[in-house]
S.K.: 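Starting off with a structure, shown below.
Position 1 is the first residue of the sequence; numbering continues from there.
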Amino acid sequence: MNALPEIEAPQDGRLSAEARQAFDDAGVLILRNFVSPSACDRLRARALELVEAFDPKSVRHVFSTLTQAQVDDSYFTESGDKIRFFLEDDAFDANGELRQSKENSLNKMGHAMHDLDPVFEAFSHDKRLDRLAKSAGIADPVLLQSMYIFKPPRIGGEVICHQDSTFLYTEPMSCLGMWFALEDATTENGCMYFIPGEHKKPLRERHSKQQDGTFRTVTLHDEPFPEDKKLPAEANKGDLVLFDGRAPPVWGANNYARSRHAVKRPADGPSPHIT
C-alpha cells in the first residue's frame, strides 16, 4: 500500500461496502469534506472563547507522550467529566513565563466538551457520526470523551506511536477514533501517520487504574511497531480521519509557523466483527 485509503465523505455518514472493506484492511480511512468549513470555524471560535477564559497562571499542567507527566496527575485523570486545559511541554521559558500566546501554548483541551458545551455537544452528537460508527462495525456506539488538539506553531509536541485501545480498553476491543481537521494538517505542521494493517496485530500495552488509585501500563506484547512502514494521513480542513483503536498513530513535532487545530472524538461500544 503506497497511500492510505480515502473517499469523499458520504452524505448520510454510512460507509459503503467498498469503503468498509478498505477501512477493515488498512485500519484507517480518510473521509474528505466531512465537516463544512463554517462548522470548522464555529468549533475553532468556540475553543478560543474557552481559552480566553482560561488562566494559565492558576493551572500549569502539561500533557506529553514523551515525559508522561500527566499519568498520575489528578488534574488530568479526573478530567473525564470536565473541561480542562493542558499546556505543551515546551510552553514555558526559563523564567516560567509562556513563550507564546495562550492559544499557541496549549497542547489540548478535554475531555467532556461533548456534554458540557453546547457548541461541541451539537457537533459531537451529529447523527451522521452515529451512522458512521455503526457502519464501521460498532453495534451500539457510545461517546466516551472529546478533546480539542491545538498543535501550536513551533512548540507543538510529537506524539509517539501508540494505540488508543491501550487507554480505552474494552472486551472485545471496540475503540474507534474520529479525528477532524479544523485546519489543514500536512507533513510540515505535524499530520498523523499510520501503519496500514497494523491494527490486525495484538494490542501492545494496557493502561489501567490500580486499586491504590495510581495508574499502571502493562506490556502485553513487546513487538515493536514497524514505523518504517508508516504513511502520512494528510488532511484538509473539514476532513475526517477514521481509525481503529488498535491502529497506531504517530506524529512529529510542529516546528512550522502554522498551527494544526483538530477535534478528536473517540467512540466505543459492542463490536461484533472484532474477535
S.K.: Evaluate Leu231 against Phe194 for side-chain contact (heavy atoms from CB on, under 4.5 Å), listing each step before the verdict.
M.R.: CA-CA 5 Å; Leu231 296 174; Phe194 288 90; over 6 Å; no
S.K.: So which of Arg260, Lys151, Arg44 actually passes salt bridge (charged side-chain N to carboxylate O under 4.0 Å, His left out) with Glu183?
M.R.: Arg44
S.K.: Here's a test for you: under side-chain contact (heavy atoms from CB on, under 4.5 Å), which of Leu87, Asp93, Asn104 qualifies with Leu98?
M.R.: Leu87
S.K.: Could you tell me the separation between the CD atom of Glu188 and the CG atom of Asn255, rounded to the nearest 0.5 Å?
M.R.: 11.0 Å
S.K.: Using distance alone, with no hydrogens and no angle criterion, decide if Ser79 and His111 have a side-chain donor and acceptor under 3.5 Å apart.
M.R.: yes
S.K.: In this structure, are over 12 heavy atoms from other groups packed under 6.0 Å from Asp212 atom CG?
M.R.: yes
S.K.: Compare every heavy atom of Asp24 with every heavy atom of His199, then report the nearest pair and how far apart it is.
M.R.: NE2-O, 2.7 Å
S.K.: In Å and rounded to the nearest 0.5 Å, what is the CG to NZ distance from Leu15 to Lys134?
M.R.: 14.0 Å
S.K.: If you measure from NZ on Lys237 to CG on Asn33, what distance do you get to the nearest 0.5 Å?
M.R.: 12.0 Å
S.K.: Decide ring-ring contact (aromatic ring centres under 6.0 Å, His included) for Tyr148 and Phe150; before the verdict, give the C-alpha distance in whole Å, the side-chain angles of both, and the deciding distance to 0.1 Å.
M.R.: CA-CA 6 Å; Tyr148 190 99; Phe150 293 86; 4.8 Å; yes
S.K.: Count I, L, V, M, F, W, Y as connected when their side-chain heavy atoms are under 4.5 Å apart, and connections chain through other members. Are Leu116 and Phe123 then in the same cluster?
M.R.: yes
S.K.: How about NZ on Lys82, more than 12 heavy atoms from neighbouring residues, nucleotides or ligands closer than 6.0 Å, or not?
M.R.: yes
S.K.: Hydrophobic clusters here meaning ILVMFWY residues chained together by side-chain heavy-atom distances under 4.5 Å, can you tell me if Phe180 and Ile7 are in one?
M.R.: yes
S.K.: Does CG belonging to Asp12 count more than 12 external heavy atoms closer than 6.0 Å?
M.R.: yes
S.K.: Between Arg20 (side chain only) and Ser135 (backbone N and O only), is there a donor and an acceptor less than 3.5 Å apart?
M.R.: yes
S.K.: Determine, stepwise, if the pair Leu129 / Lys127 fulfils side-chain contact (heavy atoms from CB on, under 4.5 Å).
M.R.: CA-CA 5 Å; Leu129 300 180; Lys127 292 297 184 183; over 6 Å; no
S.K.: Quick one, Phe23 with Phe243, criterion ring-ring contact (aromatic ring centres under 6.0 Å, His included). Give me CA distance, side-chain angles, the key distance, then yes/no.
M.R.: CA-CA 8 Å; Phe23 174 68; Phe243 59 99; 8.9 Å; no
S.K.: Ile195 and Cys161: which non-hydrogen atoms are nearest, and at how many Å?
M.R.: CD1-SG, 4.3 Å
S.K.: Before giving the answer on salt bridge (charged side-chain N to carboxylate O under 4.0 Å, His left out), spell out for Lys57 and Glu97 the whole-Å C-alpha distance, their side-chain angles and the decisive distance to 0.1 Å.
M.R.: CA-CA 9 Å; Lys57 292 184 178 180; Glu97 299 297 327; 5.2 Å; no
S.K.: Starting at CG of Asp115, measure out to CG of Leu143 and round the result to the nearest 0.5 Å.
M.R.: 6.5 Å
S.K.: Are Glu88 and Ser105 close enough that some pair of their side-chain heavy atoms sits under 4.5 Å apart?
M.R.: no
S.K.: Begin from the C-alpha positions of Thr170 and Leu168 and carry the test side-chain contact (heavy atoms from CB on, under 4.5 Å) through to its verdict.
M.R.: CA-CA 7 Å; Thr170 60; Leu168 300 175; over 6 Å; no
S.K.: Going by distance alone, is a donor N or O of one side chain under 3.5 Å from an acceptor N or O of the other, for His114 and Ser146?
M.R.: yes
S.K.: Can you give me the closest heavy-atom contact between Ser74 and Arg84, atom names plus distance?
M.R.: O-NH1, 3.6 Å
S.K.: Supply the atom-to-atom distance Asp184 CG to Arg258 CZ, rounded to the nearest 0.5 angstrom.
M.R.: 6.0 Å
S.K.: Mind listing the closest non-hydrogen atom pair of Ser165 and Leu203 along with its distance?
M.R.: CB-CD1, 3.7 Å
S.K.: Looking at OG1 of Thr217 and NE2 of His162, how far apart are the two atoms once the value is rounded to the nearest 0.5 Å?
M.R.: 12.0 Å
S.K.: Can you tell me if Glu52 has over 12 outside heavy atoms packed within less than 6.0 Å of its CD?
M.R.: no
S.K.: Just do the salt bridge (charged side-chain N to carboxylate O under 4.0 Å, His left out) check on Lys264 and Asp164 with the steps written out, would you?
M.R.: CA-CA 12 Å; Lys264 187 178 179 185; Asp164 279 10; 2.7 Å; yes
S.K.: Any chance CD of Glu8 has more than 12 other-residue heavy atoms, nucleotides or ligands included, within less than 6.0 Å?
M.R.: yes
S.K.: Of all the heavy-atom pairs spanning Gly110 and Met113, show the shortest one and how long it is.
M.R.: CA-SD, 3.7 Å
S.K.: Considering all heavy atoms of both residues, which atom of Ala262 and which atom of Trp179 are nearest to each other, and what is their separation?
M.R.: CB-CZ2, 3.3 Å
S.K.: Linking I/L/V/M/F/W/Y whenever their side-chain heavy atoms sit closer than 4.5 Å, directly or via other members, would Leu240 and Tyr193 fall into one cluster?
M.R.: no
S.K.: Are a donor atom and an acceptor atom from the side chains of Asn189 and Thr186 found within less than 3.5 Å of each other?
M.R.: yes
S.K.: Do Phe225 and Met173 belong to the same hydrophobic cluster, where Ile, Leu, Val, Met, Phe, Trp and Tyr are linked whenever their side-chain heavy atoms lie under 4.5 Å apart, directly or via other members?
M.R.: no
S.K.: Are Phe54 and Leu43 linked, directly or through intermediate hydrophobic residues, by side-chain heavy-atom contacts shorter than 4.5 Å (ILVMFWY only)?
M.R.: yes
S.K.: Starting from the C-alpha separation in whole Å, work towards a yes-or-no answer on side-chain contact (heavy atoms from CB on, under 4.5 Å) for Leu176 and Asp244.
M.R.: CA-CA 5 Å; Leu176 184 70; Asp244 188 285; 5.6 Å; no
